[in-house]
Amino acid sequence: ILNVEQSPQSLHVQEGDSTNFTCSFPSSNFYALHWYRWETAKSPEALFVMTLNGDEKKKGRISATLNTKEGYSYLYIKGSQPEDSATYLCAFLHTGNQFYFGTGTSLTVIP
Amino acid sequence: KAGVTQTPRYLIKTRGQQVTLSCSPISGHRSVSWYQQTPGQGLQFLFEYFSETQRNKGNFPGRFSGRQFSNSRSEMNVSTLELGDSALYLCASSLSQALGYTFGSGTRLTVV
């Protein structure tokens with residue numbers, strides 16, 4: 001069983017603050033790294049799919065970077081808004097074609 | 001465009017029974033995967049099907065099984081239910097693993 005770790009486990013920030021969290025995964029047999037946002041009472045929603053070392057992806061105020069050599073990805077949220085409150089999951093896909101999800105970072109943005 | 005549909009949304013079963021959950025993927029998606037989420041745990045991968053064939057399997061006992069039909073709809077079966085099987089079961093479909101997955105709303109299974 002591969003280990004995918006996310007930190008911190010939970011985070012409370014004030015509206016307008018910028019924040020970031022980390023996903024750590026094995027650096028060998030890398031195929032892809034996915035980020036999902038999971039709001040309460042909804043389904044996980046795909047944010048980014050990252051496949052190349054050095055990848056940087058951006059969607060509005062949210063961006064992500066990827067370092068496959070050292071096995072980590074950062075997710076950044078600029079100017080957090082209450083609607084950003086959710087659990088952010090990363091999922092590591094290795095060359096064996098199996099997904100391993102982290103336990104998520106729960107973000108609460110306080111108005 | 002319809003999303004991923006899971007039925008039923010909620011289910012209560014007693015220990016020892018079996019249960020079948022259903023997942024209809026987005027039209028055109030041939031890959032369907034299943035996940036279990038229990039309190040305090042991340043999403044645990046159960047299995048993935050592609051074109052009616054199981055492509056990958058997670059570390060779950062043989063009581064958990066699945067299948068995929070020619071129209072890509074998938075079912076997951078759990079036999080001899082245990083209390084610890086109480087969880088949210090999510091299915092997700094994809095055109096390609098490299099494109100990310102679209103998840104259904106899940107089936108909340110409670111075993112009493």
What do you reckon, are the aromatic ring centroids of Y36(A) and Y101(B) less than 6.0 Å apart?
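No - the distance between ring centres of Y36(A) and Y101(B) does not fall below the 6.0 Å cut-off.
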Could you check, using the six-membered ring where one of them is a Trp, whether F101(A) and F45(B) have ring centers closer than 6.0 angstrom?
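No, too far apart.
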Answer yes or no: are there more than 12 heavy-atom neighbours, outside I110(A) itself, under 6.0 Å from its atom CD1?
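Count over threshold, so yes.
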More than 12 heavy atoms of other residues, nucleotides or ligands under 6.0 Å from CZ of R61(A): yes or no?
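Check passes, neighbour count above 12.
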Which bit of [X] is near chain A, if near means a heavy-atom gap under 4.5 Å: side chain, backbone, both or neither?
| X | value |
| --- | --- |
| Y35(B) | side chain |
| L43(B) | both |
| Q44(B) | neither |
| T102(B) | neither |

Please say yes or no: joined through hydrophobic side-chain contacts below 4.5 Å, possibly via intermediate residues, are [X] and [Y] part of one cluster?
| X | Y | answer |
| --- | --- | --- |
| F60(B) | Y49(B) | yes |
| L90(B) | Y100(A) | no |
| V19(B) | F47(B) | yes |
| F25(A) | F99(A) | no |
| Y89(B) | L83(B) | yes |

Identify the two heavy atoms, one from G104(B) and one from S43(A), that lie closest to each other, and give their separation to 0.1 Å.
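Minimum heavy-atom separation between G104(B) and S43(A): O-OG, 2.8 Å.
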Using heavy-atom distances under 4.5 Å, tell me whether L89(A) contacts chain B through its side chain, its backbone, both, or neither.
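Just its side chain gets close to chain B.
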Need one label for W38(A): side chain, backbone, both or neither, based on atoms under 4.5 Å from any heavy atom in chain B.
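The answer is the side chain of W38(A).
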